[in-house]
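Here is the structure we will look at, set down as structure tokens.
Proteins come first, then strands; the chains are lettered A, B, ... in the order of their sequence lines, and each starts at number 1. Note that the structure is a prediction, hence the values are computed from the model and not measured.
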Protein chains: 2
Amino acid sequence: MKWSDLSDNWCPVARTLSLVGDRWTMLILRDCFLGLSRFEQFIASSGMTRHILADRLKRLVEAGVLERKAYTTTPKRYDYVLTEKGQELAPALLTLKDWGKKHMPVRRATSA
Amino acid sequence: MKWSDLSDNWCPVARTLSLVGDRWTMLILRDCFLGLSRFEQFIASSGMTRHILADRLKRLVEAGVLERKAYTTTPKRYDYVLTEKGQELAPALLTLKDWGKKHMPVRRATSA
DNA sequence: CCGGATGAGTTTCATTTTGGAACTATGGCA
DNA sequence: TGCCATAGTTCCAAAATGAAACTCATCCGG
């Protein structure tokens, strides 16, 4: 079964995951909740590649989770900001944060 | 950046997602919360392919989220059951469920 | 004993997705 | 004019995924 087919699944968890259940989307949203809003900020913060970010932003805007607002018109540049719908994902991010703090300690394999 | 590198990220959300942030893992956990526990049940319920399921189960067991318990010894067969650590992901699933019910209506593109 | 069914994977191969890096476009600024 | 910044887009190789077939062990019916 294709992943995208889940958007019509009977299960609301599956439908939610069809939008935010890939490897990077939630991190973009985390960054939005941290106050970031621009392409280069997301790149710097998350470490994802540029074309994946471009694709995910497009999907999130189409889904109504983010809104793309121009902040300059002449070179067209945009802020990506959470909509009301996007804001309501906050509880999900918070539960993931709490679980991570409790159950996913940093291994620090790269510490000095 | 490789996805798997996130397991040592400073952000607990990112660390959590390094385990459950792929396209299918959360659905396995959803099934566990619904009471399913066996390979063929997960296959039937989720629609994922067999080798992806096998891989994800292995990862979840290694991470201590699921426990693999033999229920027959002579053709070795196993139940996959949530550990305490896994149980504690319930709030995350519930927030995703609530958000999906509110914001991801079924489009029913394939209805009669 | 033979043939099929069941449960849990494993293997193979084609298609997609991703990671990494370079390239494009627009305009500011020295 | 040349360089920088922002925001993408394009290209290619590497990795992940989807689909289907195959394996293995055991039970069951005849």
* Structure fact -> Shortest non-hydrogen pair, A:S45 vs A:R30, comes out as OG-NH2, 3.4 Å

* Asked: What are the two closest non-hydrogen atoms of B:V20 and B:M26, and how far apart are they?
  -> O-CG, 3.5 Å

* In whole angstroms, how far is the C1' atom of D:dA15 from the CG atom of B:D55? -> 12 Å

* To do: From the options D:dG18, D:dA7, C:dG19, select the nucleotide whose nearest atom is closest to the side chain of A:T49.
  => C:dG19

* Asked: Starting at CD of A:Q41 and ending at P of D:dG8, how long is that distance when rounded to a whole Å?
  -> 13 Å

* Structure fact -> Atom CG of A:L53 and atom P of C:dG19 are separated, to the nearest Å, by 12 Å

* To do: Using a 4.0 Å heavy-atom cut-off across all strands, classify A:F42 as base, sugar-phosphate, or nothing.
  => nothing

* Interatomic distance where CD1 belongs to A:I28 and P belongs to D:dG8 [whole Å] -> 12 Å

* Any B:W24 side-chain nitrogen or oxygen under 4.0 Å from OP1 or OP2 of D:dG18 -> yes

* **hbond_proxy B:R50 side chain to D:dA20 base (donor-acceptor, 3.5 Å cutoff)** => no

* To do: Between D:dT17, D:dA7, C:dG7, spot the one nearest the side chain of B:H51, thanks.
  => D:dT17

* Salt-bridge present (B:R50, B:E40; N to O < 4.0 Å) -> yes

* Under a 4.0 Å N-O cut-off, is there an ion pair linking A:D8 with A:R15? -> no

* Relative to the 5' end of DNA chain C, which residue comes earlier, B:F39 or A:G47, by the nucleotide with the nearest heavy atom? -> B:F39

* To do: Tell me whether the OP1 or OP2 atom of D:dT17 has a side-chain N or O from B:R56 closer than 4.0 Å.
  => yes

* Asked: CE of B:M48 versus C1' of C:dT16: gap in Å, rounded?
  -> 18 Å

* Tell me: CD1 of B:I43 to C1' of C:dT6, nearest whole Å? -> 14 Å

* To do: Would you mind telling me which of D:dG18, D:dG8, C:dT18 lies closest to the side-chain atoms of A:Y78?
  => D:dG8

* Does A:I52 or B:R68 map to a spot on DNA chain C nearer the 5' end, using the closest nucleotide for each? -> B:R68

* Asked: If you check every side-chain atom of A:A54, which of C:dA8, D:dG8, D:dT17 has the closest atom?
  -> D:dG8

* Asked: B:Y71 ring centre to B:R38 NZ or CZ under 6.0 Å, with the angle to the axis within 45°?
  -> yes

* Specify the separation, in whole Å, of atom OH of A:Y71 and atom C1' of C:dG27. => 12 Å

* Asked: Side chain of A:R77, base of C:dT26: donor and acceptor closer than 3.5 Å?
  -> yes

* Tell me: CG of A:D5 to C1' of C:dT16, nearest whole Å? -> 14 Å

* Asked: Is A:Y80 touching bases, backbone alone, or none of the nucleic acid, heavy atoms closer than 4.0 Å?
  -> sugar-phosphate

